[in-house]
K.L.:
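My questions will all concern the structure given below.
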Amino acid sequence: MQFIPCTMPTVLALLTVMVAGLFPGLAAAQPTVEDMLPRLGGYEWTLDPARFKDPGPDTDLTLMAIVKDTKQPNYIRFRALELLRLYPTDRVADFLESTLATAPVSSFVRRALESHATAFAKTRTARVERLAGDLLSHNDPNVRIQAAQILRSLKTSTAEALYRQRLEKVPESWEREQWQQESSR
């Protein structure tokens, strides 16, 4: 056996790589709310997936905590809702659906619906159809318009049937026109 001389930093680096390989859970920790808040701030913030690439495991849990934290300003909570679309898991789907059901204001409903539709339109189409279909009777016309546009964007027979069925019952012509606009998604 041949001995290879190594410096202490080299040994520590090798041990770190070995531990990370053997115990991947130890390699990265769930980001804290304090870790995420600076990424959600800023006057000209835009949803940039590259800024949120691999911030750590269970990042969705941290974002959910921010959404639920009523001490945070709404714009921070809205941005956390938007970011959840980057984590298309059952846990996120359930959270967004729960948020839709209990949202205190229409602006939360609209953002949760948009994130849900963006994340799950291709993989959980039936869930998106059901949620958007239910929201066609929401008391806020902006929510109804968004739900209609999402249904149209799905391009499925079920979504089309839900859309057509409700479109005929929309009393206001301006709202009917908005329903027929293409979604910005």
Side-chain angles (χ1 to χ4, degrees), residues 36 39-40 45-53 55 58-70 72-185:
M36 294 303 289
R39 296 177 184 204
L40 298 172
W45 186 89
T46 58
L47 193 152
D48 179 8
R51 288 183 63 203
F52 295 92
K53 186 175 183 185
D58 296 329
T59 299
D60 59 335
L61 291 176
T62 303
L63 292 170
M64 290 179 214
I66 293 169
V67 170
K68 290 190 267 185
D69 185 356
T70 57
Q72 295 296 334
N74 279 346
Y75 76 94
I76 294 291
R77 296 169 69 201
F78 291 161
R79 290 172 182 178
L81 258 177
E82 283 186 63
L83 282 170
L84 285 171
R85 70 180 66 180
L86 302 177
Y87 304 92
T89 64
D90 287 334
R91 179 167 62 190
V92 169
D94 293 342
F95 176 80
L96 290 172
E97 290 169 18
S98 171
T99 300
L100 281 163
T102 61
V105 292
S106 296
S107 51
F108 269 94
V109 173
R110 289 175 46 221
R111 284 171 176 85
L113 177 60
E114 183 65 31
S115 286
H116 190 279
T118 302
F120 303 109
K122 301 268 191 275
T123 59
R124 294 172 178 89
T125 308
R127 284 175 91 162
V128 176
E129 288 170 341
R130 181 182 47 80
L131 285 169
D134 290 348
L135 290 171
L136 291 176
S137 59
H138 194 274
N139 62 351
D140 184 326
N142 292 310
V143 172
R144 293 191 303 264
I145 290 165
Q146 183 180 22
Q149 291 175 347
I150 286 170
L151 282 172
R152 287 191 68 218
S153 72
L154 294 175
K155 300 186 185 331
T156 66
S157 58
T158 302
E160 183 67 22
L162 285 167
Y163 170 80
R164 292 276 171 221
Q165 188 177 44
R166 291 291 302 181
L167 178 64
E168 296 170 6
K169 298 175 184 171
V170 176
E172 302 291 334
S173 62
W174 68 268
E175 185 179 342
R176 215 172 13 263
E177 288 173 19
Q178 290 298 309
W179 277 42
Q180 294 169 335
Q181 297 291 316
E182 288 298 318
S183 173
S184 60
R185 295 178 358 57

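Note that the structure is a prediction, hence the values are computed from the model and not measured.
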K.L.:
Under the criterion side-chain contact (heavy atoms from CB on, under 4.5 Å), I'd like the reasoning laid out for Leu40 against Leu83: C-alpha separation, chi angles, the key distance, then a yes or no.
P.N.:
CA-CA 9 Å; Leu40 298 172; Leu83 282 170; 3.2 Å; yes
K.L.:
Measure the spacing between OG of Ser115 and CG of Leu63 and express it to the nearest 0.5 Å.
P.N.:
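Those atoms lie 10.0 Å apart.
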K.L.:
Walk me through whether Arg130 and Asp134 qualify under side-chain contact (heavy atoms from CB on, under 4.5 Å).
P.N.:
CA-CA 6 Å; Arg130 181 182 47 80; Asp134 290 348; 4.0 Å; yes
K.L.:
Quick one: pull up OH in Tyr87 and CG in Leu61 and give me the separation to the nearest 0.5 Å.
P.N.:
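So the OH of Tyr87 and the CG of Leu61 are separated by 11.0 Å.
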K.L.:
Looking only at heavy atoms, what is the nearest atom pair of Pro88 and Ala119, with distance?
P.N.:
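What the structure gives for the nearest pair is CB-O, 3.8 Å.
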K.L.:
Side chain of Arg164, backbone of Ala161: donor and acceptor closer than 3.5 Å?
P.N.:
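Here the side-chain-to-backbone pair does not exist.
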K.L.:
Specify the closest pair of heavy atoms between Ala159 and Leu151, including all atoms of both residues, with the distance to one decimal.
P.N.:
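That closest heavy-atom pairing would be CB-O, 3.4 Å.
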K.L.:
If you compare all heavy atoms of Gly133 against all heavy atoms of Leu162, which two are closest, and at what distance to 0.1 Å?
P.N.:
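Closest heavy-atom pair between Gly133 and Leu162: CA-CD1, 4.2 Å.
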K.L.:
Pro171: what forms a side chain to side chain contact (heavy atoms under 4.5 Å, CB included) with it, not counting sequence neighbours?
P.N.:
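Pro171: no side chain to side chain contact (heavy atoms under 4.5 Å, CB included) contacts found.
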K.L.:
For residues Met36 and Thr59, determine if any side-chain heavy atom of one lies less than 4.5 Å from a side-chain heavy atom of the other.
P.N.:
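Contact flag for Met36/Thr59 side chains = yes.
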K.L.:
Using every non-hydrogen atom in the two residues, find where Ala80 and Ile66 come nearest and quote the distance to one decimal.
P.N.:
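For Ala80 versus Ile66, the nearest heavy atoms are CB-CG2, 3.8 Å.
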K.L.:
With side-chain contact (heavy atoms from CB on, under 4.5 Å) as the test, would you mind laying out the steps for Leu135 and Leu100 before giving the verdict?
P.N.:
CA-CA 9 Å; Leu135 290 171; Leu100 281 163; 3.9 Å; yes
K.L.:
Can you tell me how far the CD atom of Glu114 sits from the CZ atom of Arg85, to the nearest 0.5 Å?
P.N.:
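If we round to the nearest 0.5 Å, Glu114:CD and Arg85:CZ are 5.5 Å apart.
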K.L.:
Angle between ring planes, Trp179 versus Tyr163, binned at 30° and 60°: parallel, tilted or perpendicular?
P.N.:
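Geometry flag for Tyr163 against Trp179: tilted rings.
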K.L.:
What heavy-atom pair brings Thr89 and Arg124 nearest, and what distance separates the two atoms?
P.N.:
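Closest approach of Thr89 to Arg124: C-NH2, 4.0 Å.
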K.L.:
Looking at Leu96 and Leu81, what are the two nearest heavy atoms and their distance?
P.N.:
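Smallest heavy-atom distance, with atoms named: CD2-CD2, 3.6 Å.
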K.L.:
Could you tell me whether a side-chain N or O of Arg152 sits under 3.5 Å from a main-chain N or O of Gln180, the two making a donor and an acceptor?
P.N.:
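A pair under 3.5 Å: yes.
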K.L.:
Measuring from Thr158:OG1 to Glu129:CD, what's the distance to the nearest 0.5 Å?
P.N.:
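With rounding to 0.5 Å, OG1 (Thr158) is 4.5 Å from CD (Glu129).
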K.L.:
Distance check, rounded to the nearest 0.5 Å: Glu177 atom CD versus Ile145 atom CD1?
P.N.:
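These two atoms lie 10.5 Å from each other.
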K.L.:
Supply the atom-to-atom distance Asp69 CG to Arg77 CZ, rounded to the nearest 0.5 angstrom.
P.N.:
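Taking CG in Asp69 and CZ in Arg77, the distance rounds to 7.0 Å.
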K.L.:
Tell me which pairs pass side-chain hydrogen bond (donor to acceptor under 3.5 Å, both in side chains) where either residue lies in residues 101-110, with sequence neighbours left out.
P.N.:
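For residues 101-110, and leaving out neighbouring residues, the side-chain hydrogen bond (donor to acceptor under 3.5 Å, both in side chains) pairs sorted by first residue read Ser106-Asp140.
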K.L.:
With sequence neighbours excluded, give me every side-chain hydrogen bond (donor to acceptor under 3.5 Å, both in side chains) pair touching residues 91-100.
P.N.:
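Output for this query lists Asp58-Arg91, Asp60-Arg91, Asp94-Arg127, Glu97-His116, Glu97-Arg127.
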K.L.:
Would the distance check show the side chain of Arg176 and the main-chain N or O of Val170 forming a donor-acceptor pair, the cut-off being under 3.5 Å?
P.N.:
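Such a contact is found between Arg176 side chain and Val170 backbone.
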K.L.:
Could you point out which residue of Gln149, His138, Glu175 forms a side chain to side chain donor-acceptor pair (under 3.5 Å) with Arg144?
P.N.:
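For Arg144, the side chain to side chain donor-acceptor pair (under 3.5 Å) test succeeds with only one of Gln149, His138, Glu175, which is Glu175.
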